[in-house]
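Counting starts at 1 for both ligands and their atoms, following the listed order.
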Amino acid sequence: MTLSVKAFAKINLFLDIEARRDDGYHDILSVMQSIDLCDDITLEKIERGIELSNDIGIEKERDLAYRAAAAFFGAVGARGGVRISVDKRIPMGAGLAGGSADAAAVLRGLNSLYGDPLSKKELAELGLTLGSDVPFCVIGGTKITRGRGEKMTDMPAMPDCPMVVAIGDDHVSTPAQFAELDRRFDNFVSYRPKSECVDGLFEAFSNESAAIEKYLYNIFEITGRFSPEIKEIMTSCGARGTLMSGSGSSVFGIFRNDADAAEAADKLTESGYRAFMCRPINNI
Ligand code: C5P
């Protein structure tokens, strides 16, 4: 039996930090949004074992898709195995949760192949053992996220709009980015996150005429790990707003119409960036 699952990327429309924790993580405050940029994952039920039928240059045991399958079989004690094939489009190390999306899709797909032994909530909990962004990628849509990213609150869906996500060749290390923020913000001891932006986005999504762009914010932008030229090109093509996603280095732009977004994607590609036209997605 074979199943195809889509692994949708995420962007952060808002990302800030509430506190540095003793366990090495940070409590974040974020508005996460699924987008239709995705990897295609095929899962084939086999007798036993976990096989990865394509090589993305990562050791098998470190590959999040492989680890998700191992975690699933460990949690449900199901007898059987899976052959996983991943057709990758989401750039890696870019702040788009590419690896986490693959892990979440493997969890959801295997759960379905093996008769739904786990609830969505249980899958999200299992996902947290694999990475901070995996719980959101299991649930998807538009969510306010806290904690490591696993505490999710509903939010009105982001209104449909054309977007472009673009990236240069800068691979960013998330732990190094958090460490850089710790230095700049004195370990967040007396820091207050810009939670008014979350309220602003909530309001803007409830009332489609309100300006989303006023509330786009990502604390990681201060580290400068993105190409300003991407933002310049997007803005020159009419983007309403642009923001780096996650700890970088991808940047997304929100556009008024498809023609502007297509022009931006073309210009970005001509300038040597990888650019993807995409839209928000609310049911994954
Ligand atoms: O959970 P994940 O493996 O994606 O996190 C990678 C690293 O990013 C962690 O080891 C930690 O250094 C940092 N991180 C953090 N706070 C979070 C998420 C990640 O400090 N909420």
Side-chain angles (χ1 to χ4, degrees), residues 7-34 39 56 58-72 74-75 86 88 90-107 123-140 143-153 167 170-189 191-195 197-198 217-223 225-226 244-250:
F8 293 105
K10 70 95 187 112
I11 54 171
N12 302 83
L13 298 168
F14 171 82
L15 178 55
D16 208 346
I17 297 200
E18 292 194 310
R20 178 173 189 259
R21 305 173 7 166
D22 294 336
D23 62 2
Y25 288 93
H26 294 73
D27 283 328
I28 61 162
L29 174 62
S30 184
V31 175
M32 294 192 187
Q33 175 65 50
S34 305
D39 294 341
I56 52 168
I58 302 177
E59 221 176 290
K60 192 164 118 172
E61 283 70 20
R62 284 185 51 229
D63 186 290
L64 272 175
Y66 176 92
R67 289 178 50 212
F72 176 82
V86 182
K88 268 215 100 48
I90 308 172
M92 294 195 289
L96 297 168
S100 304
D102 293 349
V106 167
L107 290 177
L123 284 178
E125 283 165 10
L126 189 56
L128 186 62
T129 66
L130 302 163
S132 303
D133 286 337
V134 183
F136 171 77
C137 292
V138 167
I139 306 293
K143 293 277 183 281
I144 301 168
T145 59
R146 289 195 166 79
R148 282 173 56 197
E150 80 284 14
K151 294 181 184 154
M152 286 172 258
T153 317
I167 183 166
D170 191 4
H171 242 251
V172 170
S173 152
T174 302
Q177 286 284 82
F178 274 104
E180 170 75 21
L181 290 186
D182 286 340
R183 278 192 293 278
R184 285 177 184 258
F185 293 94
D186 205 9
N187 293 325
F188 295 94
V189 178
Y191 179 83
R192 270 192 55 246
K194 299 184 191 321
S195 51
C197 290
V198 178
Y217 176 76
N218 182 348
I219 188 173
F220 284 97
E221 279 201 340
I222 199 173
T223 65
R225 294 298 297 271
F226 63 95
M244 188 176 89
S245 184
S247 57
S249 62
S250 64

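- Ring geometry, Tyr191 versus Phe188: the interplanar angle exceeds 60°, so the pair is classed perpendicular (tilted spans 30 to 60°).
- Judged by the 6.0 Å distance and 45° axis criteria, Lys194 is positioned over the aromatic ring of Tyr217.
- For Phe220, the ring pair (Phe, Tyr, Trp, His ring centres under 6.0 Å) partners at least two apart in sequence or on another chain are Phe178.
- Sorted by chain then number, the residues whose non-hydrogen atoms approach ligand 1 to under 4.0 Å are Gly24, Tyr25, His26, Ile28, Gly131, Ser132, Arg148, Thr174, Pro175, Phe178.
- Taking the side chain to side chain donor-acceptor pair (under 3.5 Å) definition, one finds that Thr174 meets it with Ser247, sequence neighbours left out.
- The closest side-chain donor-acceptor pair between Glu180 and Thr223, if any, does not fall under 3.5 angstrom.
- Listed by chain and residue number, Leu64, Leu130 satisfy the side chain to side chain contact (heavy atoms under 4.5 Å, CB included) test with Arg67 (two or more places apart in sequence, or in another chain).
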